[in-house]
J.: 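Can you read through this structure? Questions will come right after.
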Amino acid sequence: MNRKTDHVKVLVIGGGPAGSLTAALLARAGIDVLLLEKEVFPRYHIGEALASSCRSILELAGAARKVDEFGFVSKHGGLFRWGAEKDWSADWTELFGDEVRSWSVDRSEFDHLLLKNAAEQGARVVEGAAVKQVVFEDGRPVAAEWVCQADPAEPRRTTFDFVVDASGRAGVLTARHFRNRTKHEVFRNVAIWSYWDGEELLPDTPQGGSNIISSPDGWYWVIPLRGGRRSVGFVMHESAFRERRPCYDSPDDLLAALVDESDTVRSLLRGDTRLAKARVEQDYSYVSASFCGPGYFAAGDAACFLDPLLSSGVHLASYSALLAAASITAVVDGEVTEQEAAAFYESLYRNAYTRMLAMVSRMYDQYQGQANYFWLAQRLTGTPAAEAVRPNAAFVEIVAGISDLFDAEHGKRAEHGGAGPDDTAEEAPLDLVEIMPKDLYDDDSRLRLVTSPRLGLRREEPAAAGGAARPPRPATAAESARDTQGADLTATR
């Protein structure tokens, strides 16, 4: 059978946030990139609440203004009603200034905007394109065989120098080829959700912020969306779901019962109308043994997915897109070797994932108390408590994705030791989880992510004798949450 064959510098498989942002960033760097997406957008997807880091990355990809103009809800943080303690807020504006913000979005529209933006930045985008297999030679991927819905009788073959697997849960490389994913036993959860009209949120919720509300059997989310709607869902362990589901005629009835069981959620939704049938998602927590290798990078959900708590999904997708695009560009430019770029990517992405894993793991123990969560966040970001402008500042940095961007640009901070919130010695926070970070990236190599004059990696100049190689934190959010001209991507404590 004759195949239509072409060549591209970089092939991106998947058009969700990870794939679209990778393609847009590469195209803006002048690199020839083809994106293949098996669906025809728009298509439904859950995951509406976005970390502030997403905005910084969208600025670099040329998409932030388009998302602003679309009219999504502007998000400035969130409010937690967690455990038995009083409400506590993660207010980005209060801590970091007005520039640190993101959105709560309808993913069908948001993802479509990002996909169109990738094409506008110069990437070739083909929707309805299903990758059937990736061909390897001597352990390196070299070609993809795919078919297009518009012409299924004509198989295609695209050769490439690099491939980015951004195919989500389907995992063209990670799940289908390498089969190297491990499911999390701790997070064997089920999410059930729908949409309601109305705009009421808990008092003192930051502008456009989400509400995260615990219960003895799980936790609820309430996320404001454009058009006076809210996404409302509940997350519980799969064993609890299996026990309760047969007691109800439909998922709609189960969700109605769950809403009624929470005084808080029932009050927020009182008199409002559910707008859609309930949806259920499960078996979604996993991590791949490797996030990259010779000639390939796994980005976003193709590499890992954690849990809806703390809304890490789109942050990790966007962050991995930034790291992948910078790593590939640096290799193409001859700034680093492939091995150095892979080590940088693996270590920084896995560090971000593992830090969030440790934070979420601790929060599922709802009775630890917020002081314990804040202390853990300080340990995970290397922040001495005395330097925090607020007790919750390090926690908010993690949730907002700021810590990960800082580490990519300035080097990973050393973990801050010391006593826990009750002045007793505590175990290292990463001992809480089974998946340990692969610290392949040697900070002494001085590789840093740069955005000017071109996205990539650069070797930092050695520090002067007695000086510090890494710059201090920027003084204000306005100095750090800037546009695409190479300013610091991160916000301040």
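Here, residue 1 is the first one in the sequence, and each next residue gets the next number.
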J.: Do the ring centers of F374 and W88 come within less than 6.0 Å of each other?
T.: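 Yes.
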
J.: Any salt bridge linking E238 with R188? Criterion: basic side-chain nitrogen under 4.0 Å from a carboxylate oxygen.
T.: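 Between R188 and E238 there is a salt bridge, with a charged N closer than 4.0 Å to a carboxylate O.
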
J.: Does the ring-ring contact (aromatic ring centres under 6.0 Å, His included) test come out yes or no for F80 and Y373, once each step is laid out?
T.: CA-CA 12 Å; F80 293 79; Y373 307 143; 8.8 Å; no

J.: Are the side chains of L26 and T22 in contact, using a 4.5 Å heavy-atom criterion?
T.: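 Side-chain contact under 4.5 Å: yes.
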
J.: Given side chains that start at C-beta, do those of I192 and P251 come closer than 4.5 Å, heavy atoms only?
T.: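 Of all side-chain heavy-atom pairs linking P251 with I192, at least one is under 4.5 Å.
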
J.: Run the side-chain hydrogen bond (donor to acceptor under 3.5 Å, both in side chains) test on W193 and S231 for me, step by step, so that the C-alpha distance in whole Å, both residues' side-chain angles and the decisive distance to 0.1 Å come before the verdict.
T.: CA-CA 7 Å; W193 73 94; S231 170; 5.4 Å; no

J.: Using a 6.0 Å cut-off, check whether atom CG of D204 has over 12 heavy atoms from anything other than its own residue.
T.: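 No, the 6.0 Å shell around CG holds no more than 12 heavy atoms from other groups.
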
J.: Ignoring hydrogens and angles, state whether a donor on the side chain of W103 or D68 is under 3.5 Å from an acceptor on the partner side chain.
T.: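 Their side chains do contain a donor-acceptor pair, which is all the 3.5 Å distance test asks for.
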
J.: Do E99 and R55 make a side-chain contact, defined as non-hydrogen atoms from C-beta onward lying under 4.5 Å apart?
T.: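 No, every pair of side-chain atoms sits at 4.5 Å or beyond.
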
J.: I'd like to check the ring pair (Phe, Tyr, Trp, His ring centres under 6.0 Å) partners of F241; sequence neighbours left out, ordered by chain and number.
T.: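 Partners of F241 under the ring pair (Phe, Tyr, Trp, His ring centres under 6.0 Å) test: none.
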
J.: Considering all heavy atoms of both residues, which atom of W92 and which atom of V100 are nearest to each other, and what is their separation?
T.: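 Heavy-atom minimum between the residues: CB-O, 3.6 Å.
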
J.: Any salt bridge linking E120 with K116? Criterion: basic side-chain nitrogen under 4.0 Å from a carboxylate oxygen.
T.: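 Result for this pair is no, no salt bridge flagged.
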
J.: Decide side-chain hydrogen bond (donor to acceptor under 3.5 Å, both in side chains) for H184 and T182; before the verdict, give the C-alpha distance in whole Å, the side-chain angles of both, and the deciding distance to 0.1 Å.
T.: CA-CA 6 Å; H184 287 309; T182 300; over 6 Å; no

J.: Is there a side chain to side chain contact (heavy atoms under 4.5 Å, CB included) between M359 and L380? Walk through the geometry before answering.
T.: CA-CA 8 Å; M359 197 73 252; L380 291 169; 4.2 Å; yes

J.: If we only count heavy atoms from C-beta on, is the Q207 to S74 side-chain gap below 4.5 Å?
T.: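 They are in side-chain contact.
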
J.: Please step through side chain to side chain contact (heavy atoms under 4.5 Å, CB included) for the pair T174 and F291, ending with a clear verdict.
T.: CA-CA 8 Å; T174 54; F291 290 172; over 6 Å; no

J.: Under the salt bridge (Lys or Arg N to Asp or Glu O under 4.0 Å) rule, what do D197 and R274 come out as? Steps first, then yes or no, please.
T.: CA-CA 7 Å; D197 65 3; R274 195 183 74 228; over 6 Å; no

J.: I want to check something: taking the side chain as every heavy atom from C-beta on, are N211 and T205 in contact at a cut-off of under 4.5 Å?
T.: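 Yes - at least one pair of side-chain heavy atoms lies under 4.5 Å apart.
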
J.: Charged N to carboxylate O below 4.0 Å: is that the case for R43 and E39?
T.: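 Looking at E39 together with R43, the answer is no, because their closest N to O distance does not fall below 4.0 Å.
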
J.: So, do Y296 and F178 have ring centers that fall under 6.0 Å from each other?
T.: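 Between Y296 and F178, the centre distance is under 6.0 Å.
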
J.: Say you draw a straight line from CZ of R242 to CE of M236; how long is it, rounded to the nearest 0.5 Å?
T.: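 Those atoms lie 12.0 Å apart.
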
J.: For T381 and E397, which I'm curious about, is there any donor-acceptor pair between the side chains at under 3.5 Å?
T.: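 Not at all, the side chains of T381 and E397 share no donor-acceptor pair under 3.5 Å.
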
J.: Is the shortest side-chain N to carboxylate O distance from K277 to D252 below 4.0 Å?
T.: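 Result for this pair is yes, salt bridge flagged.
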
J.: Rounded to the nearest 0.5 Å, what's the gap from CD on Q121 to CG on L21? Could you check?
T.: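 Answer for the CD-CG pair, Q121 versus L21, is 10.5 Å.
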
J.: Can you measure from OG (S210) to CG (L202) and round to the nearest 0.5 angstrom?
T.: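 CG of L202 is found 11.0 Å from OG of S210.
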
J.: side-chain hydrogen bond (donor to acceptor under 3.5 Å, both in side chains), that's the test. Do R81 and S214 meet it? Break it down for me.
T.: CA-CA 6 Å; R81 181 165 288 181; S214 66; over 6 Å; no

J.: Looking at E243, I'd like to know if its CD atom is crowded, meaning that more than 12 non-hydrogen atoms belonging to other residues, nucleotides or ligands lie closer than 6.0 Å.
T.: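 Incorrect, the count does not exceed 12.
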
J.: Determine whether a donor-acceptor pair (N or O, by modelled atom type, separation under 3.5 Å) exists between the side chain of R245 and the backbone of A240.
T.: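 No, R245 side chain to A240 backbone: no donor-acceptor pair under 3.5 Å.
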
J.: For residues 306-315, please give each side-chain donor-acceptor pair under 3.5 Å, one per line with the distance, not counting sequence neighbours.
T.:
{"unit_1": "D307", "atom_1": "OD1", "unit_2": "N189", "atom_2": "ND2", "d": "3.0"}
{"unit_1": "D307", "atom_1": "OD1", "unit_2": "Y364", "atom_2": "OH", "d": "3.2"}
{"unit_1": "D307", "atom_1": "OD2", "unit_2": "L309", "atom_2": "N", "d": "3.0"}
{"unit_1": "D307", "atom_1": "OD2", "unit_2": "Y364", "atom_2": "OH", "d": "2.7"}
{"unit_1": "H315", "atom_1": "ND1", "unit_2": "S53", "atom_2": "OG", "d": "2.6"}
{"unit_1": "H315", "atom_1": "NE2", "unit_2": "D404", "atom_2": "OD2", "d": "2.6"}

J.: Does any N or O in the side chain of S320 come within less than 3.5 Å of the main-chain N or O of A317, such that one atom is a donor and the other an acceptor?
T.: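 Between the backbone of A317 and the side chain of S320 there is a qualifying donor-acceptor contact (under 3.5 Å).
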
J.: List the steps, then state whether side chain to side chain contact (heavy atoms under 4.5 Å, CB included) holds for S250 with D253.
T.: CA-CA 5 Å; S250 68; D253 294 337; 3.4 Å; yes

J.: Please say whether more than 12 non-hydrogen atoms of neighbouring residues, nucleotides or ligands are located less than 6.0 Å from CZ in R179.
T.: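 No - once you tally the heavy atoms of other residues, nucleotides and ligands closer than 6.0 Å, there are 12 at most.
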
J.: Would the number of heavy atoms belonging to other residues, nucleotides or ligands and lying under 6.0 Å from CZ of R65 be above 12?
T.: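 Atom CZ in R65 is not crowded, with 12 or fewer foreign heavy atoms closer than 6.0 Å.
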
J.: At what distance, to the nearest 0.5 angstrom, does CD of E281 lie from CZ of R279?
T.: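 Nearest 0.5 Å value for the CD-CZ distance: 9.5 Å.
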
J.: Check whether W196 forms a cation-pi arrangement with R230 (NZ or CZ under 6.0 Å from the six-membered ring centre, at most 45° off the ring normal).
T.: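 Because its charged atom misses either the 6.0 Å distance or the 45° angle limit, R230 does not stack over W196.
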
J.: Could you tell me the separation between the CD atom of E109 and the CG atom of L225, rounded to the nearest 0.5 Å?
T.: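 Spacing of CD (E109) from CG (L225) equals 9.5 Å.
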
J.: Within the distance-only criterion (no hydrogens, no angle test), does the side chain of R266 pair as donor or acceptor with the backbone N or O of D260 below 3.5 angstrom?
T.: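 Judged by distance alone, yes, a pair lies under 3.5 Å.
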
J.: Between R355 and I398, is there a side-chain heavy-atom distance shorter than 4.5 Å?
T.: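 When only atoms from C-beta onward are counted, R355 and I398 do touch, with a gap below 4.5 Å.
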
J.: Indicate yes or no: at least one non-hydrogen side-chain atom of K66 is less than 4.5 angstrom from one of N117.
T.: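 Sidechains of N117 and K66: in contact.
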
J.: Determine, for K38 against E127, whether the closest basic-nitrogen to carboxylate-oxygen distance falls under 4.0 angstrom.
T.: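 Not counted as a salt bridge, because no side-chain N and carboxylate O are separated by less than 4.0 Å.
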
J.: Nearest 0.5 Å, what's the OG-NE2 distance between S108 and H112?
T.: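 These two atoms lie 9.5 Å from each other.
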
J.: Taking the side chain from S194 and the backbone from A276, do they hold a donor-acceptor pair closer than 3.5 Å?
T.: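 Side chain of S194 to backbone of A276: a pair is present.
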
J.: Just say parallel, tilted or perpendicular for the rings of Y195 and Y44, cut-offs at 30° and 60°.
T.: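 It falls in the perpendicular class, over 60°.
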
J.: Could you check whether D301 pairs with R169 (Lys NZ or Arg NE/NH1/NH2 to Asp/Glu carboxylate O, under 4.0 Å)?
T.: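 No, this pair does not count.
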
J.: Does the side chain of L322 come within less than 4.5 Å of L25's, by heavy atoms?
T.: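 Of all side-chain heavy-atom pairs linking L322 with L25, at least one is under 4.5 Å.
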
J.: If only atom types and distance count, is the side chain of S52 paired as donor or acceptor with the main-chain N or O of A400 below 3.5 Å?
T.: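 Yes, the answer is positive, given that a donor and an acceptor are paired below the 3.5 Å cut-off.
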
J.: If the condition is ring pair (Phe, Tyr, Trp, His ring centres under 6.0 Å), which residues does Y345 pass it with, not counting sequence neighbours?
T.: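 Scan of Y345 (ring pair (Phe, Tyr, Trp, His ring centres under 6.0 Å), adjacent residues dropped) gives F297, Y349.
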
J.: Looking only at heavy atoms, what is the nearest atom pair of P224 and L201, with distance?
T.: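 Looking at all heavy atoms of both residues, the closest pair is CG-CD1, 3.9 Å.
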
J.: Is the shortest side-chain N to carboxylate O distance from R244 to E261 below 4.0 Å?
T.: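 Yes, charged N to carboxylate O under 4.0 Å.
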
J.: Go through V147 and R156 one step at a time and tell me if the side chain to side chain contact (heavy atoms under 4.5 Å, CB included) criterion holds.
T.: CA-CA 6 Å; V147 296; R156 318 282 181 100; over 6 Å; no

J.: Show, in sequence, the C-alpha distance, side-chain angles and deciding distance for S215 and D217, and conclude whether the side-chain hydrogen bond (donor to acceptor under 3.5 Å, both in side chains) test is met.
T.: CA-CA 5 Å; S215 85; D217 298 321; 5.4 Å; no

J.: Tell me whether S20 contacts the main-chain N or O of G15 through its side chain, where contact means a donor paired with an acceptor under 3.5 Å.
T.: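 Yes.
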
